[in-house]
Q: 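The structure is given below, and queries will be raised subsequently.
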Amino acid sequence: MANICANKFYIFAESKETLEEIESRLKTLFKEHLDGEITYVFSNCIEGYFDSRWNFPMDLFEDFFKGIDDDTIYMRCLSEEYGMDLVSMNIYDEGWREPQY
């Protein structure tokens with residue numbers, strides 16, 4: 001059995017259309033791959049959480065923002081998996097930064 005990693009995210013974009021596209025992609029991702037939920041949507045941000053195995057699922061998010069032409073997209077995700085003493089912050093800002101542990 002895999003240890004469950006809790007992931008809390010915040011996504012910002014200036015464009016309402018961009019956020020609508022991101023929200024749609026998140027709903028598909030949660031339906032097909034992850035157990036998650038969007039908990040807050042405002043005019044320029046989305047917040048929510050999802051569970052994953054062991055750590056932040058970079059393989060699922062690596063190409064998540066591809067095809068969206070908006071350089072104002074910012075995402076941060078705090079990932080916590082206490083069974084392996086993992087706490088990390090993953091940040092997207094015109095590309096994924098190295099995770100901070």
Side-chain angles (χ1 to χ4, degrees):
M1 182 171 157
N3 290 345
I4 301 301
C5 181
N7 301 274
K8 300 173 203 167
F9 67 86
Y10 167 86
I11 302 173
F12 169 87
E14 289 180 4
S15 165
K16 182 180 179 185
E17 292 78 20
T18 297
L19 277 177
E20 288 172 351
E21 173 66 22
I22 292 169
E23 183 178 5
S24 174
R25 289 181 182 202
L26 283 170
K27 287 178 180 178
T28 300
L29 187 66
F30 295 158
K31 183 178 180 184
E32 295 177 2
H33 299 287
L34 298 170
D35 180 24
E37 183 177 337
I38 295 169
T39 58
Y40 181 77
V41 178
F42 195 63
S43 62
N44 61 356
C45 68
I46 299 172
E47 294 181 7
Y49 67 90
F50 59 89
D51 292 334
S52 60
R53 293 180 176 196
W54 297 293
N55 55 23
F56 178 78
M58 183 56 78
D59 57 328
L60 294 175
F61 280 91
E62 208 164 53
D63 297 329
F64 185 80
F65 297 110
K66 282 191 177 172
I68 302 176
D69 187 28
D70 187 332
D71 62 358
T72 68
I73 297 171
Y74 170 83
M75 176 182 178
R76 68 176 176 254
C77 185
L78 175 63
S79 301
E80 304 167 314
E81 196 283 286
Y82 294 113
M84 298 297 288
D85 296 329
L86 169 78
V87 177
S88 68
M89 179 69 73
N90 291 276
I91 297 173
Y92 180 90
D93 187 14
E94 295 188 56
W96 286 102
R97 299 181 192 172
E98 286 294 316
Q100 300 169 15
Y101 297 97

Q: Tracing side-chain links under 4.5 Å among I, L, V, M, F, W and Y, which residues wind up in one group with I38?
A: F9, I11, L19, I22, L26, L29, F30, L34, V41, I46, F50, F56, M58, L60, F61, F64, F65, I68, I73, M75, Y92, W96

Q: Just how far is it from atom CG of D85 to atom OH of Y101, taken to the nearest 0.5 Å?
A: 14.0 Å

Q: Holding to salt bridge (Lys or Arg N to Asp or Glu O under 4.0 Å), I want the full list of residues that pass it with D70, two or more places apart in sequence or in another chain.
A: none

Q: Hey, does the side chain of D69 reach the backbone of G67 with a donor-acceptor pair shorter than 3.5 angstrom?
A: no

Q: What distance do S52 atom OG and E81 atom CD have between them, rounded to the nearest 0.5 Å?
A: 9.0 Å

Q: Considering residues, nucleotides and ligands other than E98, do more than 12 of their heavy atoms fall under 6.0 Å from its CD?
A: no

Q: With E21, which residues qualify under salt bridge (Lys or Arg N to Asp or Glu O under 4.0 Å), at least two apart?
A: R25

Q: Could you identify which residues cluster with V87, counting Ile, Leu, Val, Met, Phe, Trp and Tyr as linked when any side-chain heavy atoms lie under 4.5 Å apart, either directly or through a chain of such contacts?
A: Y10, F12, Y74, L78, Y82, M89, I91

Q: Will you find, in the side chains of T39 and E37, an N or O donor that is under 3.5 Å from an N or O acceptor?
A: no

Q: Which heavy atom of T72 sits nearest to which heavy atom of A13, and what is that distance?
A: OG1-CA, 3.7 Å

Q: So for atom CD, which belongs to E14, do other residues, nucleotides or ligands contribute more than 12 heavy atoms lying within a distance under 6.0 Å?
A: no

Q: With sequence neighbours left out, what residues match D35 under side-chain hydrogen bond (donor to acceptor under 3.5 Å, both in side chains)?
A: none

Q: Side chains of K27 and E23, heavy atoms from C-beta outward: is any pair under 4.5 Å?
A: yes

Q: If I take atom CG from residue N90 and atom CD from residue Q100, how far apart are they, to the nearest 0.5 angstrom?
A: 8.5 Å

Q: Is any side-chain heavy atom of S88 less than 4.5 Å from a side-chain heavy atom of N55?
A: no

Q: Quick one: salt bridge (charged side-chain N to carboxylate O under 4.0 Å, His left out) pairs with a partner in residues 51-62, sequence neighbours left out?
A: none

Q: Can you measure from CG (N3) to CE (M84) and round to the nearest 0.5 angstrom?
A: 6.5 Å

Q: Between K8 and E80, is there a salt bridge with N-O shorter than 4.0 Å?
A: yes

